[in-house]
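Proteins get letters first, then strands, A, B, ... in listed order; numbering begins at 1 in each.
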Number of protein chains: 2
Amino acid sequence: MKITIVGVGLLGGSFALAVREKYPKARFVGVDASPVHGKLALAKGLVDEMKPLDEAIAVSDLVVLATPVNIILELLPQVLDQLPKGATVTDLGSTKELICQLVDNHPKRSQFVAIHPMAGTENSGPGAAFRELLPGKNLIICDREKSDSDSLKLVEALFSDIGMKLFYMSPQEHDLHLAYVSHLSHISAFALGLTVLEKEKDEQAIFDMASTGFSSTVRLAKSSPQMWAPIFDQNRTNVSQALADYIEFLQQFKAVIDDQNLQDSFEFMAKANQIRRVLEGIDRK
Amino acid sequence: MKITIVGVGLLGGSFALAVREKYPKARFVGVDASPVHGKLALAKGLVDEMKPLDEAIAVSDLVVLATPVNIILELLPQVLDQLPKGATVTDLGSTKELICQLVDNHPKRSQFVAIHPMAGTENSGPGAAFRELLPGKNLIICDREKSDSDSLKLVEALFSDIGMKLFYMSPQEHDLHLAYVSHLSHISAFALGLTVLEKEKDEQAIFDMASTGFSSTVRLAKSSPQMWAPIFDQNRTNVSQALADYIEFLQQFKAVIDDQNLQDSFEFMAKANQIRRVLEGIDRK
């Protein structure tokens, strides 16, 4: 089996490493706009060879699009156009609605499987890839009924064989949930980082006074703008609503503090404490 | 040497454990409003005996106030009134301005040392205490010139002997910096927790779709309301300004997303990425 990874970074590279362990005879072709990333991916053993996209598509059983979501929108129709009969293309993008919509009427739509692995770190590039990123995490599959059964089976088998748990939903549901449980937390971290950097011109003061709590809350502010700008753009209706909800809670809390209303302040936090149950569930995963 | 810990929770208990290792002959007296916490603190070996506050003060070389900051405001004048000559009282509160102001003209002001260890977790109570919490972290000492040299020396020696690095500043500076590097990140996490809980009535969806990034960003939303409501209240001028700055950045980012301005969205995040340098400094600590 030949698998092409388009975008040999954190996600594509980690997928290749995990599959290689289960299927040592599978061959991996890398495609990347950056020659440096290509060299690093080969040196790290993520892929066996680098090829131009056209050549890679022609020889692949499976093409995995693991680029930023704006590039997925560019490449997916082209890959489908060129995809050999019996081959499959899948994408790992963090948005699903626009991507699915774009190829909804493509004559080869059934060879495409739209997925999103719920995993990542704040780091990017081939150097950030590691075999343990995906195993134990969840995989969302969207519009499963629009994929033919062989393509769906191949993708389901590979991802569940590397230890992922499969979930199914519509692209609309996916994008709405993701705005709240992922996209919003990234924006809250980016804005927190900016607020502190703006105030504390003297970074030494942050070093000296910040504790591990700050470090954990702001960690996602290290995430890649190349990856996130197009995600927020493609999911802007949901993200904008999530941000509006978040700002509303912050304004309520600010009013409670300004009014010295300790009872409401207490209740606000006691309610937020209920997230403990949810986190215990996530940490058990 | 006899040390009284008032509030045998995460911070007071962790201090006792660290000091016990360096000074095995020091004796620890615990004071706590909760009989259950008293039993747990004894069972865990945080303190050697539990006593009522009056009795504990009478026999102590050092009294450490490790309660929520509203209780520190209540207890500090009383402890100073009763404190034997030659003894010292210190407080570990996360706010410093009101606490210092309150006893500024107390006849025994010089026996008080105002400090704040830059360490904590989202957990609380005696069970959460652990010996490694404070070593390697920073300690802020405020208004050092108002403490007599013996009291100051004792506190500096104990905290630097357990591996903390000492910093000095005014209570005003302390509270301003803390609003940004600590209090704001707690509020951002509480509000994020509430926003997601409010939207996702079905907690299973959060379990299934949230990743470790969400978990890290929202972690502080598990923090204790008893502890944090009075901190936000005592530092409300700074916290309110920090929140206003944060909300302003969020609104700017929302406008950028609504306008589909990918260039500005990219630049917003690239600027926030500079927090990476700061985090590397914190993580090296």
Which of the residues [options] is involved in the greatest number of heavy-atom pairs with chain A at under 4.5 angstrom?
| options | value |
| --- | --- |
| Leu194(B), Val196(B), Leu243(B) | Leu194(B) |
| Lys199(B), Gln252(B), Lys271(B) | Lys199(B) |
| Thr195(B), Ile140(B), Asn70(B) | Thr195(B) |

Legend entry - Partner chain B: residue of Ala189(A), Ala229(A), Gly193(A) with the largest heavy-atom pair count (under 4.5 Å): Ala229(A)

Inset, instruction - Name the member of Asp264(A), Val256(A), Thr217(A), Val218(A) that forms the most heavy-atom pairs with chain B at distances under 4.5 Å. - result: Thr217(A)

Is it the backbone or the side chain of [X] that comes under 4.5 Å from a heavy atom of chain B, or both, or neither?
| X | value |
| --- | --- |
| Leu220(A) | side chain |
| Ser223(A) | backbone |
| Ser182(A) | neither |
| His186(A) | neither |
| Ala244(A) | both |
| Tyr246(A) | both |

Inset, instruction - Name the region of Ser240(B), side chain, backbone, both or neither, that has any atom closer than 4.5 Å to a heavy atom of chain A. - result: both

Legend entry - Residue His116(B) versus chain A: region with a heavy atom under 4.5 Å: neither

Contact summary for [X] and [Y], nearest pair of heavy atoms:
| X | Y | answer |
| --- | --- | --- |
| Phe266(A) | Gln226(B) | CE1-N, 3.6 Å |
| Phe249(A) | Ala191(B) | CB-CB, 4.2 Å |
| Gln251(A) | Ile247(B) | CG-CD1, 3.7 Å |
| Phe190(A) | Ala272(B) | O-CB, 3.5 Å |
| Met118(B) | Met209(A) | SD-O, 3.1 Å |
| Arg276(B) | Lys222(A) | NH2-O, 3.0 Å |

Inset, instruction - Take Met269(B) and Phe232(A) through the side chain to side chain contact (heavy atoms under 4.5 Å, CB included) test and state the conclusion after the steps. - result: CA-CA 12 Å; Met269(B) 291 185 266; Phe232(A) 298 146; 3.7 Å; yes

Inset, instruction - Under the ring-ring contact (aromatic ring centres under 6.0 Å, His included) rule, collect the residues that match up with Phe268(B), sequence neighbours excluded. - result: Phe253(B)

Is it the case that the side chain of [X] and the backbone of [Y] share a donor-acceptor pair, with hydrogens and angles ignored and the cut-off at 3.5 Å?
| X | Y | answer |
| --- | --- | --- |
| Tyr180(A) | Leu197(B) | no |
| Ser216(B) | Ser216(A) | yes |
| Asn273(B) | Pro225(A) | no |

Inset, instruction - With sequence neighbours excluded, give me every salt bridge (Lys or Arg N to Asp or Glu O under 4.0 Å) pair touching residues 236-254 of chain A. - result: Asp233(A)-Arg236(A), Lys254(A)-Asp258(A)

Legend entry - Full working for side chain to side chain contact (heavy atoms under 4.5 Å, CB included) between Ile257(A) and Ile187(B): CA-CA 11 Å; Ile257(A) 291 172; Ile187(B) 296 177; 3.7 Å; yes

Inset, instruction - Apply side chain to side chain contact (heavy atoms under 4.5 Å, CB included) to the pair Ser185(B) and Leu192(A), showing each step before the final yes or no. - result: CA-CA 7 Å; Ser185(B) 50; Leu192(A) 183 63; 3.7 Å; yes

